[in-house]
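Working notes, beginning with the structure itself.
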Amino acid sequence: MKKLMVIAVMTFLFFGCKSDKTQTPAQSVARQWNEALLAAIRIDFARPTVHARNLFHTAIAMYDAWAVFDDTAQSYLLGKTIGGTPCAFNEFPVSPTANRKKLREETMSFASYRLLSHRFENSPGFVKSQDRFDTLISSLGYDAAFTSTDYSAGSAAALGNHIAQCIIAYGRQDGSNEQSAYANVSYLPVNPPLAPALPGNPDILDLNRWQPLSLELFIDQAGNPIPGGTSPFLSPEWGRVAPFSLSPADLTVYQRDSFDYWVYHDPGTPPMLDTASAAEYQWGFSLVSIWSSHLDPSDQVQWDISPGALGNIQSFPQNFPEFRAFYDTINGGDPGSGHALNPHTGEAYAPNVVLRGDYTRVLAEYWADGPDSETPPGHWFVILNEVNDHPLLEKKFRGEGPVLDRLEWDIKAYFALGGAMHGAAVSAWGIKGWYDYIRPVSAIRGMAERGQSSDPGLPNYDIGGLPLEPGFIELVTTGDPLAGASDEHLGKIKLFAWRGPDSVSNAKTDTAGVGWILAENWWPYQRPSFVTPPFAGYVSGHSTYSRAAAEILTQLTGDPFFPRGIGEFTAKKDDFLVFENGPSADVTLQWATYRDASDQTSLSRIWGGIHPPADDIPGRIIGERIGLSAFALAERTFLGQ
């Protein structure tokens, strides 16, 4: 903002400390508030849409507090009217001898404190979160009891309170329905709930539409018990929330039940059963059941999961029939062939050979963002913070020009990533709400109710049933152990798949393993108190968030590769998986590039039984568009354009 004198860029000391959800004196004030926000998300309800918005709005608060004291950067909300909400701003008086760094830190601290205190006041973890906010602002030397918004005399604290007040007012009319606890306005499911504890899916009305789940105890993805046992669709109308870089040119408006559904980056209709695209629907959901047979280390299948063997995907399929060539239906995985050399060392990546059954289970759990996690958008802030802590990272914007001080780098990184994560939520959930697409647990059991669709000459034929795949999807025949004492299951569909939570009595010692089960009893690789996220599948939020984040990190650092050419996470033997024991040995996930990590995220949701391929690829493509547009808009804002 051209309100003040030019500020000299400060030098900084970089300590390569690993992000471990703690704070160190080396961290910028922006980083400390970001860590406080991530900690609050971990003990709130599992609401990826809401928290993508919280991450972005907090980034706005800190960025505008920083931009006030910059001669070039343009504010985002301060001094503007966005979405009909004005945020007045008069010139902030600063003496020539003022310590601008301290003014910035105080302004962003009060802005963050007020906003976060407001946003988490109804959280189940409010007491702990508010105590953390109170402790942080006090440790920084500020008085939280100061609530004035009159900054005319040069009070940075008052300016911070004013910025927070503007964002709170903006949030009350941005389409999120925050004032009614983000409740749905119009959406109602067409299908009655599925009770996964009971066999099959006999009551479903439409095998193309989302189905809620009825559980005796529903515990959301953050570990919070939800009363009632049947969770409503989370954020089906989120496409109407004011985005960051999404434009009217990206928007299509549809209407159902006299309600307008806003869809940005419309990917078109997914494969539908009982239509011309039924074969792609049946193949995609069948692949999910087949891949669940990969979740057992006792099969002794070994994979090299190093960046030299996996990753480096060159292109995505452009239509649903092309998906079959992209995914390995039987063995699992995608066409990524790895990287010949680590560009930062000039050497080949060392092999990293593990059991496939350990890799797939760790992958599903690591990217699931389950209990005590930051949700998918927050997970990428954790990755960003770890990258920022790496001693080899040069904090040069786009990898060019002067090294930025720690505060400026963090502020700009959070603003760009926050805008992308929020945009991904608005786009993905707008698509989810309109297309209202079914999840694998409903589709696989529902098709099994119909029968097999491969051979009219075999028993239990139905054109809308599951396609048979020898060794993975077969009919129960006479003498089969699954036939039952009175052959009551004769002719039903059976799957070679993960056996499910009923095979685990003690999660610390037991492993469910893989074997033949009745298709009517198929479970995704998830907790029995969760089963699958409470919203439609198409498109994958994980794929959209992750690809958008990968583009931001690539553009921000000016390098598609992680520092030193590799990013890693190690899951310790017998001490990582949540609802069964494992892995059977240490497993270190590795990625050469941010895009490789994103692509791995997407595959994890198939192995986890949460998404078919049809949900995945459109999410990746949309995420890439959003990441690039969000970074471009953030950069123009930084440059005052």
Side-chain angles (χ1 to χ4, degrees), residues 17-48 50-62 65 102 104-149 156-165 167-168 171 178-179 181-182 219-227 369-375 377-379 381-382 384-386 389 407 410-411 414 418:
C17 55
K18 183 176 176 62
S19 173
D20 61 355
K21 304 177 185 177
T22 63
Q23 297 158 5
T24 71
Q27 293 177 348
S28 73
V29 168
R31 170 68 174 273
Q32 293 180 61
W33 284 108
N34 179 256
E35 293 284 7
L37 168 55
L38 292 172
I41 292 173
R42 292 181 189 113
I43 55 175
D44 189 30
F45 295 114
R47 301 180 290 184
V50 172
H51 293 313
R53 176 176 174 269
N54 285 334
L55 286 158
F56 180 48
H57 286 191
T58 305
I60 293 172
M62 293 195 291
K102 288 187 176 180
R104 275 176 162 157
E105 291 177 345
E106 185 172 2
T107 304
M108 65 180 62
S109 291
F110 274 87
S112 299
Y113 176 81
R114 296 284 170 227
L115 178 61
L116 295 180
S117 297
H118 166 74
R119 287 287 169 84
F120 288 90
E121 62 184 355
N122 296 316
S123 166
F126 168 71
V127 173
K128 289 183 178 180
S129 294
Q130 189 60 51
D131 180 66
R132 183 176 286 107
F133 304 151
D134 292 341
T135 299
L136 177 53
I137 199 166
S138 176
S139 71
L140 294 170
Y142 308 129
D143 181 7
F146 182 82
T147 59
S148 172
T149 57
L159 178 59
N161 289 335
H162 173 67
I163 290 172
Q165 188 179 69
I167 296 174
I168 290 169
E178 179 188 340
Q179 60 272 28
Y182 310 101
I219 299 178
D220 77 5
Q221 208 158 342
N224 298 292
I226 305 298
D369 300 313
D372 303 319
S373 83
E374 310 82 10
T375 73
H379 191 155
F381 273 80
V382 172
L384 168 65
N385 286 336
E386 291 175 345
D389 285 344
L407 180 63
D410 286 347
I411 287 291
Y414 294 155

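Atoms considered below: every heavy atom in the structure, side chains included; atoms not considered: hydrogens, waters and symmetry mates.
Put simply, CG on L140 and CD on E105 are 8.0 Å apart, with the number rounded to the nearest 0.5 Å. E106 contributes atom CD, which lies 8.5 Å from atom CD1 of I137 (distance to the nearest 0.5 angstrom). The CH2 atom of W33 lies 10.5 Å from the CG atom of L37; values are rounded to the nearest 0.5 Å. Rounding to the nearest 0.5 Å places OG1 of T149 at 12.5 Å from CZ of F110. Annotation: the span from K128 atom NZ to R42 atom CZ amounts to 13.0 Å, rounded to 0.5 Å. Atom CG of N122 sits about 9.0 Å away from atom OH of Y182, to the nearest 0.5 Å.
Comment: R119 does not engage D44 in a salt bridge, judged by the lack of any side-chain N to carboxylate O separation of less than 4.0 angstrom.
In this structure, S139 contributes its side chain and L136 its backbone to a donor-acceptor pair below 3.5 Å. Panel note: side chain S138, backbone D134; no donor-acceptor pair is recorded below 3.5 Å. Within the 3.5 Å criterion, the main-chain N or O of A144 finds a donor-acceptor partner in the side chain of R114.
Here the closest non-hydrogen pair linking L115 and A164 is N-CB, 4.0 Å. When all heavy atoms of S109 and V29 are compared, the closest pair comes out as OG-CG1, 3.3 Å. Nearest heavy-atom pair, P124 versus F45, reported as atom, atom and distance to 0.1 Å: CD-CE1, 3.4 Å. Between R132 and A40, the shortest heavy-atom distance links the atoms NH1-N, 4.4 Å. The two residues T107 and A156 make their nearest non-hydrogen contact at OG1-CB, 3.3 Å. In plain terms, the two heavy atoms of P48 and P377 that are nearest each other are O-CG, 3.6 Å.
Residues that satisfy the salt bridge (Lys or Arg N to Asp or Glu O under 4.0 Å) test with R53, not counting sequence neighbours, are D174, E178. Judged as a ring-ring contact (aromatic ring centres under 6.0 Å, His included), and not counting sequence neighbours, the contacts of F381 are Y414. For the ring-ring contact (aromatic ring centres under 6.0 Å, His included) test, no residue two or more places apart in sequence or in another chain qualifies with Y113.
In summary, the side chains of N161 and Q165 do not present any donor paired with an acceptor at a separation below 3.5 Å, with no hydrogens or angles considered. A donor and an acceptor atom, one from each side chain of D410 and N34, are nowhere located under 3.5 Å apart.
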**Item:** Worked verdict on I60 versus I163 for side chain to side chain contact (heavy atoms under 4.5 Å, CB included)
**Value:** CA-CA 9 Å; I60 293 172; I163 290 172; over 6 Å; no
**Request:** Go through H379 and S373 one step at a time and tell me if the side chain to side chain contact (heavy atoms under 4.5 Å, CB included) criterion holds.
**Result:** CA-CA 7 Å; H379 191 155; S373 83; over 6 Å; no
**Message:** Run the side chain to side chain contact (heavy atoms under 4.5 Å, CB included) test on I41 and F120 for me, step by step, so that the C-alpha distance in whole Å, both residues' side-chain angles and the decisive distance to 0.1 Å come before the verdict.
**Reply:** CA-CA 9 Å; I41 292 173; F120 288 90; 4.0 Å; yes
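Using a 4.5 Å heavy-atom threshold, the side chains of I411 and R104 count as separate.
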